[in-house]
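Just below is one structure, and these are the notes that go with it.
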Amino acid sequence: MHGRKAYELVKEFASGEKGHLKIFNNELFERVIEECNEHHNALQSLIRKMQEEGLEVQTAKNADHYGALVHHLSLTRNKRCLMAYMYNRAEIIRDLAWKVGLLHELPSEIQEKFGDSEEQYFKDHSKSLKLYMSQLSLDVNVDMVPPKDPYIKVRVLEDLGSGIILSDKSANFARHSMHFLKRTDAEQYIARGLMEELTG
Amino acid sequence: MASSAGEWSAEQIDDYEALISTTDVELLKKAWRNEKASPEILPFEEALVKRAKEQIQLMEETVDDFEESGHDPLIVSLYQMDLDRVQFLLRSYLRVRLQKIEKFMFYIWKTDTYRNRLSIEEEKFTERCIRDMGKHLEETVLSKMPDNYQSVLKQSVISEEDDMVASRKPCFNASLFLKDHVQYIWGYDLQNMRGKFPEPQLDTFVVAKCERTTRPLYLDGSRQSAGFDSRQVAIRTLFTV
């Protein structure tokens, strides 16, 4: 049935948790593309048939004309579904770039969900943002929430090594150590799950 | 108008508010609020951002000096808080704009009104976004499509206009929040009615649903939007509260 595979692809995307990527469904994707090419071939052969019969393709309203129209519309629908799939995934990837930090290594659970060119897109977009920030000489991806306190207490969850240089001091981030850090410094680490904020 | 001793008269309140509203922080707050609330990208406040950056720089140096000279730590941390908040405003303002660009990159690039509202750096950013997205979509989808169906913006060569998902535009049929300077509602000039009626709270938020698509209205008269010659008419005809 025309468009069913594309519909499945889009449905799979829509049924996922909002903001979370599912693993890139390469198989289904390829099948939809194959379908597109089949439609195109059918479309072309119908048009050729009409031309051989000497009929004006745009206006002759016979069965072939409508058949060709159906193929064209199915093709465009498949294209829309594919583009929507890629575009929406790209949107989620951009959000990841904002949340997790630019050009940092993404955790492998996320990395394995990327399709082929999505990893490259993530890197390109991070670079683009970084370039903008350096042109303004202002970091736009810290301070994501309105500041309540200038300093916050954090506990380090993973061993990050010693001698890490922060904006006002250098610190030794051993596992389970607690620190009193500036909010802007700590945000990046908290977003990547390497530290947690201690409230109360 | 009678005003009891110790209370401010209406004129004094107005003067104070007028004075307050011209500080850069207030202007930045207003720009930030407007940007956050509107679905489309608004004109870039270049001068304001420049001044804000300079003032932040000054503040940072002041705070550093205070810390080194062993100033009262409470005062230092108060200055630091203030500094953080202004920095947050500035960053959030720029961030909201960037996110709007990311969402509507093709539309903004195509439409001159919006394209002219970008700063130079934002324009370059939009260009890069479009290039990256175009490349990404090309590699994965478009290059595998049959000829005549390979455009990013058009479904196929016979489409009359840009009808693909990437070229969608922001949705304007949404509820609006109006704050401050709500001077005209339903044709009554509230200014002249002070003291005669119970005073409406002038700095409350009014949630209004648009009856049709609308452009951003700057109710304090600082900028006129095209097509409206009086604020009175604008509010009466557009909004049902």
Side-chain angles (χ1 to χ4, degrees), chain A residues 24 29-30 32-34 36-37 39-41 43-44 72 75-80 82-91 93-95 98 115-118 120-121 123-125 127-129 131-133 135-151 168 182-184, chain B residues 49 53 56 64 67 76-85 87-95 97-99 101-103 119-122 124-129 131-133 135-142 144-152 154-156 158-159 163-166 168:
Chain A
F24 186 78
F29 197 81
E30 296 285 326
V32 178
I33 294 189
E34 262 174 46
C36 283
N37 284 316
H39 280 302
H40 187 67
N41 289 335
L43 173 70
Q44 295 218 305
H72 167 75
L75 217 179
T76 45
R77 180 163 210 276
N78 282 347
K79 178 182 176 186
R80 283 200 306 276
L82 288 172
M83 295 276 272
Y85 186 67
M86 294 309 308
Y87 192 78
N88 284 296
R89 284 177 71 95
E91 205 170 338
I93 292 177
R94 286 200 299 263
D95 286 337
W98 277 104
D116 297 329
S117 118
E118 288 182 336
Q120 185 59 38
Y121 180 70
K123 293 203 183 110
D124 287 338
H125 191 71
K127 250 188 270 178
S128 181
L129 274 173
L131 191 54
Y132 173 82
M133 293 199 272
Q135 279 174 348
L136 277 187
S137 59
L138 184 68
D139 260 348
V140 191
N141 66 338
V142 291
D143 256 351
M144 300 290 264
V145 284
K148 248 171 67 174
D149 293 310
Y151 284 87
D168 56 352
K182 249 187 170 167
R183 169 174 294 278
T184 42
Chain B
V49 168
K53 275 169 85 170
I56 287 179
D64 284 338
E67 274 191 11
V76 174
S77 71
L78 286 177
Y79 270 95
Q80 181 69 44
M81 270 297 286
D82 195 43
L83 179 59
D84 280 347
R85 291 165 110 110
Q87 271 185 328
F88 169 77
L89 272 182
L90 181 61
R91 286 182 175 139
S92 192
Y93 173 70
L94 295 171
R95 223 186 349 253
R97 290 177 67 90
L98 283 185
Q99 282 165 349
I101 292 178
E102 284 178 354
K103 226 171 157 191
S119 73
I120 301 186
E121 294 89 3
E122 286 173 347
K124 294 198 199 133
F125 176 73
T126 319
E127 245 179 329
R128 290 194 300 269
C129 273
R131 182 201 63 197
D132 292 339
M133 176 59 83
K135 184 173 115 188
H136 178 60
L137 288 173
E138 274 256 2
E139 278 175 19
T140 47
V141 178
L142 296 173
K144 305 183 185 156
M145 290 274 114
D147 309 329
N148 289 347
Y149 293 89
Q150 287 193 348
S151 155
V152 170
K154 295 194 162 60
Q155 290 193 67
S156 68
I158 61 176
S159 302
D163 49 4
M164 286 280 347
V165 65
R168 67 176 172 194

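Order of the sequence lines fixes the chain letters, A, B, ..., with proteins taken first and strands second; residue numbering starts at 1 for each chain.
For A:F29, the part lying near chain B is the side chain, with the backbone staying farther off; criterion is any non-hydrogen pair under 4.5 Å. Both the backbone and the side chain of A:L131 come within less than 4.5 Å of a heavy atom of chain B. Contacts between A:E30 and chain B at a heavy-atom distance below 4.5 Å involve the side chain alone, from C-beta outward. Of the two parts of B:E139, only the side chain, counted from C-beta on, holds a non-hydrogen atom closer than 4.5 Å to a non-hydrogen atom of chain A. Neither the backbone nor the side chain of B:I120 comes within less than 4.5 Å of any heavy atom of chain A. Interface residue A:E118: backbone and side-chain heavy atoms are both found under 4.5 Å from chain B.
B:K53 places a side-chain heavy atom less than 4.5 Å from the side chain of A:S137. Between B:E102 and A:E91 the shortest side-chain heavy-atom distance does not fall below 4.5 Å.
Among A:L82, A:D116, A:L136, the residue making the largest number of heavy-atom pairs under 4.5 Å with chain B is A:L136. Listed options B:M145, B:R85, B:K124 were ranked by heavy-atom pairs under 4.5 angstrom with chain A; first place goes to B:M145. Ranking B:K144, B:R131, B:E67 against chain A, the residue ahead of the rest is B:K144, based on heavy-atom pairs under 4.5 Å.
One finds the CZ atom of A:R94 at 10.0 Å from the CD atom of B:Q99 (value rounded to the nearest 0.5 Å). Atom OG1 of residue B:T140 and atom OH of residue A:Y87 lie 13.0 Å apart, to the nearest 0.5 angstrom. Atom CG of B:L98 sits about 8.5 Å away from atom CE of A:M133, to the nearest 0.5 Å. Between the CZ atom of B:R128 and the OH atom of A:Y132 there is a distance of 10.0 Å, given to the nearest 0.5 Å. The structure places NE2 of B:H136 at 8.5 Å from CZ of A:R89, a figure rounded to the nearest 0.5 Å. Rounded to the nearest 0.5 angstrom, A:M86 CE and B:E138 CD are separated by 12.5 Å.
Here the closest heavy-atom approach between residue A:H125 and residue B:D132 is recorded as N-OD2, 3.9 Å. Scanning all heavy atoms of the two residues, the minimum distance from A:C36 to B:P146 falls at O-CG, 4.4 Å.
The side-chain hydrogen bond (donor to acceptor under 3.5 Å, both in side chains) test applied to B:R95 returns no partner, not counting sequence neighbours.
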